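The structure appears right after this line, and notes come after that.
Lettering of chains follows the sequences in order, A, B, ..., and the numbering in each one begins at 1. Bear in mind the structure is a predicted one, so any value in this text is a computation, not a measurement.
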Amino acid sequence: MTHTDPRDGGYAVATHGLSKRYGRESALERVDLRVPEEAVYVLVGVNGAGKSTLFKVLMNLERPDAGTAEVFGLDTGSAGPEVRVQVGYVPERQDAPYRSMTCARLLQHAAAFYPDWDHAYADHLIRALGVRLERRVGGLSKGETRRLQLVLALAYRPALLLLDEPTEGLDPVVRRRALALLAEHLADAPTTVLISTHHIDELESLADHVGVLRDGRLVAQMPREELQRTVRSYWLEVPDGWEAPVELQPTGLQRSSAGRDVRCTLVGEERDVSQRLAAAGARVRQVTKLALEDAALAFLPEDPS
Amino acid sequence: MTTAPAFQPADRRTRSTRPRVPRLGSVLREQVRATGFALRGAALIATALLALLTLWVALQSVSRDVGITLNAWPTQVPGIIGALLPIAVWARDERFGPGFLWTLPVDRRRHALTKALAGWVWLMGGVALFVLWLLALTSATGGRALPPETLHLVTSQVTTAGPLDPAALRAVRWTPGPLIWVIPFTAATATYLLASALVLGSRHPLRWVIGTVLAYLLSSVATEVAGAGLRVGWLEDAPERLLRPLIYGRYGLDALLTARIESLGASATLATGEQTTVWWGVPQLADWRIATLLWTSAGLLALWAAASRHRERRRA
């Protein structure tokens, strides 16, 4: 289920039939991602769903087995440097490079590669995130490394941020501060964000598009409003032995039963779904709007195995 | 208070042009700086070794009151340093996989070659310091750099078995030219290129080195056993005979590293009981030039191929 409405006429990120395998394991399978320009696109998926692989392909750190990827219309495989200079990347891994360097030296090193490095903004980020410049990179904790990675990704004000679980390892205080910085960053310059996270709730105020990766497949992508409008929780009263209509079953995502009461999360316009349920013999007692996280998680299996 | 400190942004920025990628000159300058930083440890160890050697020579010089003459010049040391340096240059980079180096906005192959070039800049600096150290040491101890040598050439019909008849030796006066000072630099360059290719092009370079040595040893043993068993003389030392030209041949590794000074001369006992260094030929700089050309070209090609393993690919 993919619905996107490109604003300003373009996509910051677009992939076409992107596939990647590691041996027999399929990490990505015919993924057609569409991230509109200036959107905050939240990518959701369980561990191993292919989120990090997708980010690596966009950075041309991994080569896809099939398909192509574009960032601002540039093919990531053939225009790697031109793509990467526009991308701020926070990798999933929390091990910073060049462990013998101090944070200051590493930032100086990175700055040399970005002609648009904004030193004043970098200083602001350093202060805001509490990065201690004199510390050796090798001696940083996971959270400190993450903070340093955030400075490295934001300091040249890239047009696209690829943030792979950026708040992982941060304490609650710094996590909130990092999100405030991200909001400030978005307000200050036109920026597209593709972010993967297991904490969707903390992006409730920022996200405007959501994509769900499941076993390497992009099973859903749509604007946030559409997601919350079309994925809803239905409380039904059903006869004994009732089964959901076949046409709803592929999207009859989660279901819990208690006697003749059934609660399930279904995808579709509410009126249409209600009519189908009624036609199948169920009485809709209540329809509830879901929080962003619940709506997105509805596409994921309750049993990860 | 958990929000970020206030920053004074200007009006919301616009993005009218695509950001620029860094100039290659800037990348090289930064890689020279960063590689220098990475080589600090190795430089400290080298400095400590040279300091110890200086101390030892000084003590020898004072106690025996003798000077040092560099008549065994050039040494293989710069070549060995060149072969080891790439390990230090690339030690902090994740060469295969999503390493930080590859996330930077520089064409990957070009970036790898630039980093290798940065290491080479430091190598040349190190070799220059090494040569200066040798000259300073020679000067300080009253010796002479590259004094004219009298080489005792062995005539071709003499075999090496048993003591040598002094009559079979012919004295030849040899004066090494100033060009010989270039050898440490070219030797270090060629070995650096080849070793860089190995480090950059393979995930496990050490395994390749150990595997090659083991393969050589095993094949030597196997052919020796097989040759003896089958009574096939040529089979017994086949691996050694195959390898020998590569190391001691006219354009072999020794020609590259020392202009064959190491392999053409050897210590021998004369029939008179005297020990002396005898020579099977006069070192020829023409051979060194060709060997340098061949090995350096091979190194450059290998390095290009190794760097190409990291190329962006799918270039339109």
Considering only heavy atoms from C-beta outward, does the side chain of A:Arg176 approach that of A:Glu202 to under 4.5 Å?
no
At a 4.5 Å cut-off on heavy atoms, which part of B:Arg110 comes close to chain A: side chain, backbone, both, or neither?
neither
Nearest 0.5 Å please: distance from the CZ atom of B:Arg108 over to the CG atom of B:Leu113.
13.5 Å
Interface moiety of B:His310 toward chain A, non-hydrogen atoms closer than 4.5 Å:
backbone
Check whether A:Arg99 gets within reach of chain B through its side chain, its backbone, both or neither, counting any heavy atom under 4.5 Å.
neither
Which of the residues A:Val83, A:Val85, A:Asp116, A:Leu125 is involved in the greatest number of heavy-atom pairs with chain B at under 4.5 angstrom?
A:Val85
Tell me, out of A:Ala183, A:Ala112, A:Ala110, who's got the most heavy-atom pairs with chain B below 4.5 Å.
A:Ala112
Give the member of A:Pro97, A:Pro115, A:Ser100 that has the highest number of heavy-atom pairs under 4.5 Å with chain B.
A:Pro115
Is chain B contacted by the side chain of A:Tyr89, its backbone, both, or neither, given a heavy-atom distance below 4.5 Å?
side chain
Just wondering, are more than 12 heavy atoms of other shown residues or ligands nearer than 6.0 Å to CD in A:Glu25?
no
Checking heavy atoms, do the side chain of A:Arg175, its backbone, both or neither come under 4.5 Å from chain B?
neither
Measure the spacing between CD of A:Glu70 and CG of A:Leu33 and express it to the nearest 0.5 Å.
12.0 Å
Under a 4.5 Å heavy-atom cutoff, which of B:Pro98, B:Ala34, B:Gly99, B:Ala91 has the most pairs with chain A?
B:Pro98
Would you say the ring centroid of B:Phe37 lies under 6.0 angstrom from that of A:His109?
no
Once rounded to the nearest 0.5 Å, what's the spacing between atom CG of A:Leu58 and atom CG of A:Leu194?
6.5 Å
Any chance the rings of A:Tyr156 and A:His119 have centres within less than 6.0 Å?
no
